[in-house]
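Indexing begins at 1, ligand by ligand and atom by atom, following the structure's order.
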Amino acid sequence: MKKISTLLLLGLVTLNLSAQKMTKDKKAVVASVEKHKENLIKISDSIWALAETAFEESISAELLADYAEKNGMTVTRGVANIPTAFIATYGSGSPVISVLGEFDALPGLSQNTVPTKDPRFEGEPGHGCGHNMFGAASLGAAIAIKEQIEAGTIKGTVKFFGTPAEEKYFGKVWMVEAGLWDDVDVNVSWHPAAEIEADVQTGLALVDFMVEFYGQAAHASADPWNGRSASDALELYTTGINYYREHIRPTSRIHYHIQDGGQVVNVVPDYSRLWVRVRDPKREVLLPTFERVKAMAEGAAIMANVEYKYSLISGIYETLVNREGGKIMQNNLELLGPITYTAEEETYGKAIQEATGKPQVGMDGAVHPLKETEALPGGGSTDVGDVSWNVPNINLGVTVAPKDTPWHSWAVVACGGMSIGHKGMIYASKAMGMTMLDLFEDPKLVEKVKAEYKTRKGDVKYEAMIDGLPPIPGK
Ligand SMILES: [Zn+2]
């Protein structure tokens, strides 16, 4: 009896906390997302099927820009010298609240909506990071806010940033460099995930660069003494990198991709090319490691008696977290509650887990509590990091794939084009819309978020780690 009354009491308390905060205005935001749901799913599925990659996402970008325009937002295309980058705006004055939308795919991950590996088009790209849902959900949130401004419920400006090439070139870095967030008070973003959480953990900073070696071609057997091998230099360089791995911080990562190691076996190669990436959660640890890896290219060139060229591709900052913002998002996640799945969706999730060698526990639709901000960061990197050093950023993760799904894999593509992905996407749209609404309605929240941003940023002066114009294919 006593047990029952305690449980009843706990139930009532929970109910009360939720009931008192799901305001009429928030219900209106949720209703707006529901109204656009079918169209948002259509856009997401079209982007999923198109699977356009870095700086070539012209139809995907246009699908989003066009829907923003049809819904009364003003669209500026081709910002920051990037044809597929755009801004959709509505309203005037402050606060200015923005939301990020990505839409680029990854090479080689084409997949049908079935829970075992089955490419739609062998070797073609696929949305292995769920960015088809990313852009559509964020646009849904922006339009929901636009409708509240239009109705006179709130005042201010909403901006949707169409941000291309997150996967390969980190397109946002050029957009930040162009000052596109200079007038924004707070930015909101999300990322497809395998659990629901207001994301208050940082990502890894990184530097990306290319090293090219130039030697002298010769017959590999008849007169090899006349040759100076660019591929020898490449091998010596990667050997140096691999010896160095023992001495880097456990948090750091070095990756390389051999792009050109010579063409045939009977020619001493006069050209080789290597793409190198160095990462760490802290830029102050990353930078000296990067300088050392960069310097080794010269050592390799000396040993092989060849010339070398170093070119910076780009670099990104670790994400500056905002816990005050995370709390606002967390409150809205608790208001929305968990995502529930049908028996078919659970079976689909378990089949993916079976196919990828994971425990068959199915979907995780629960709302997770706020994590410790200063705990170890997630393993990935994102150009949202650069945005977060220029404007306070609130981040969200929402389930679009079963627990433990290998990311950047066919399994994410398999979920992103069917109901599991659709549910997560619509949920993210509502959570971001509600959080943006809070910022419009309560200037004190904006001040709190800004104050934390200022403290965390300290006296760091942001300098974009890029060198020149964005590498648009064909330009
Ligand atoms: Zn991603």
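Checking Asn187 against Lys159 by side-chain atom types alone, no donor-acceptor pair falls below 3.5 Å.
Side-chain contact between Leu439 and Ile328: present, with at least one pair of heavy atoms (C-beta onward) separated by less than 4.5 Å.
Excluding waters, the set of protein N, O or S atoms lying under 2.8 Å from the Zn ion (ligand 1) comprises Cys129 SG, His131 NE2, His191 NE2.
One finds a salt bridge joining Asp383 and Lys172 here, because a Lys/Arg side-chain nitrogen approaches an Asp/Glu carboxylate oxygen to under 4.0 Å. Salt bridge Lys168/Asp104: absent, no basic N to carboxylate O contact under 4.0 Å. A salt bridge does not link Arg456 with Glu324: none of the charged nitrogens is closer than 4.0 Å to a carboxylate oxygen. With respect to the salt-bridge test (charged N to carboxylate O, under 4.0 angstrom), the residues Glu345 and Lys350 do not qualify.
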